[in-house]
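Notes to accompany the following structure.
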Protein chains: 2
Amino acid sequence: MGYTIAQAAEKTGLSEHTLRYYEREGLLPFVKRTPGGIRSFQDSDFEWLALICCLKKTGMQIKEIKQFVDWCKEGDSTLEKRREMLVGHREAVVRRIADLRKCLDNIDCKIRCYTSACEAGTGAPYLCTKKG
Amino acid sequence: MGYTIAQAAEKTGLSEHTLRYYEREGLLPFVKRTPGGIRSFQDSDFEWLALICCLKKTGMQIKEIKQFVDWCKEGDSTLEKRREMLVGHREAVVRRIADLRKCLDNIDCKIRCYTSACEAGTGAPYLCTKKG
DNA sequence: GATTGACTTTGCGCGTACTCGAAGTATTAT
DNA sequence: ATAATACTTCGAGTACGCGCAAAGTCAATC
């Protein structure tokens, strides 16, 4: 027995629409069907979905994920390529996190400015964009 | 003298398209024009742009940023609201960074699997989605 | 004063990645 | 058997832009 699309949506947090969309785009070539044509997600499929979600959430495009999936289907000859793609993506995620951290510092500084301004009851919006 | 849109694009790293789009959406109500109708960005404008970029890069939607800008135009009576918005957004950014970190751990684990698989010359794609 | 050429303006359309809804049919559980 | 769920297909909408074209602006030559 497998999971229906509704159960898979529940389990992954994705919508049924999105799951069908991902399948249509070639990201889920492994999902089995019942003789009647109904999708039957297996336990092992959720590991794949977890990776796909992980790549997606960290900003990888559908096209790139599809490339990765296509390479997987090709077999061991593409192991190196796949590894390189993951390493490259890892760097991108690290840069993104660093960027977010920097932005967070700016936001924190702005919040301090607003805290002072709120106490004073007035404050120039141009104030304090960089230094705390 | 101010900066043309091309110079502003250069200085901010945004495209001219994006700058015009932001203005159209009400994010840049302060940008002056020459008598001929050409945009003239002032030095002070770039501080605003820096904040807008910061909010945008951390995932705030155009609509929300517009709300913030509209509140700024209303004056000191909206100081509290603006501060609350920034604080709320700050939490969201913190959550996002934590989420990215978790994804990064998964990717790192996957890379380790691929490194082993590459050495062995073979590897199951289902392998190791969570534990290292 | 007119022309040249670089730059800007507006506006429409395209693209990605969903997201939603409805129609009309098939499948499945009770 | 009937109700609930799933299927595909279609179309439309949203967010955040990019690309291009036609027209307008501006400063400097000729």
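Just so you know, these numbers come straight off a predicted model, no measurement behind them. Per chain, numbering begins at 1; letters A, B, ... match sequence-line order.
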Just how far, in rounded Å, is P of C/dC7 from CD1 of B/Ile5? 14 Å
Within 6.0 angstrom of B/Glu25 CD, more than 12 heavy atoms from elsewhere: yes
Test item: A/Leu27 and A/Trp48 side chains (from C-beta on) under 4.5 Å apart, heavy atoms: no
Contact under 4.0 Å: B/Thr4 side-chain N or O vs C/dT8 OP1/OP2: yes
Rounded to whole Å, please give me the gap between CD in B/Glu64 and C1' in D/dC16. 15 Å
Just to confirm, is there a sub-4.0 Å distance from OP1 or OP2 of C/dA17 to any side-chain nitrogen or oxygen of A/Lys56? no
Using side chain to side chain contact (heavy atoms under 4.5 Å, CB included) as the criterion, point out the one residue from A/Met85, A/Gln61, A/Arg82 that pairs with A/Gln67. A/Met85
Separation of D/dG17 P from B/Glu16 CD (nearest whole Å): 15 Å
Contact under 4.0 Å: A/Arg39 side-chain N or O vs D/dT8 OP1/OP2: yes
Please tell me which of A/Tyr21 and B/Arg20 maps to the more 5' nucleotide of DNA chain C, matching each residue to the nucleotide holding its nearest heavy atom. B/Arg20
DNA chain D nearest-nucleotide lookup for B/Ile62 and B/Ile38: closer to the 5′ end is B/Ile62
Below the 4.0 Å mark, does D/dC18 have OP1 or OP2 next to a side-chain nitrogen or oxygen of B/Thr18? yes
Short side-chain N/O contact from A/Gln61 to OP1 or OP2 of C/dA17, under 4.0 Å: yes
Need one value for A/Arg24: base, sugar-phosphate or nothing, where a base atom within 4.0 Å counts as base even if backbone is also close, heavy atoms only. nothing
I want to check one thing: is the phosphate of D/dC16, taken as OP1 and OP2, less than 4.0 Å away from some side-chain N or O of B/Lys63? no
Nucleotide D/dA21, atom P - distance to NE2 of B/His17 in whole Å: 12 Å
d(CD, A/Glu23; C1', D/dT8) in whole Å: 11 Å
Out of C/dT28, C/dT9, D/dG17, minimum distance to the side chain of A/Thr34 belongs to C/dT28
Are A/Ile38 and A/Leu28 connected into the same hydrophobic cluster when the rule is that any two of I, L, V, M, F, W, Y join if their side-chain heavy atoms are below 4.5 Å apart? no
OP1 or OP2 of C/dC18 sitting under 4.0 Å from any side-chain N/O of A/Ser15? no
Rounded off to whole Å, could you give me the CE-to-P distance for the A/Met60 and C/dT16 pair? 17 Å
Would you say a side-chain N or O of A/Tyr22 is under 4.0 Å from OP1 or OP2 of C/dA17? no
Starting at CD of A/Gln7 and ending at P of C/dA29, how long is that distance when rounded to a whole Å? 10 Å
For A/Leu19 and C/dA17, give me the distance from atom CG to atom P, rounded to whole Å. 17 Å
Taking the six-membered ring of A/Phe46 (Phe, Tyr or Trp), confirm whether the NZ or CZ of A/Lys11 is under 6.0 Å from its centre and within 45° of its axis. yes
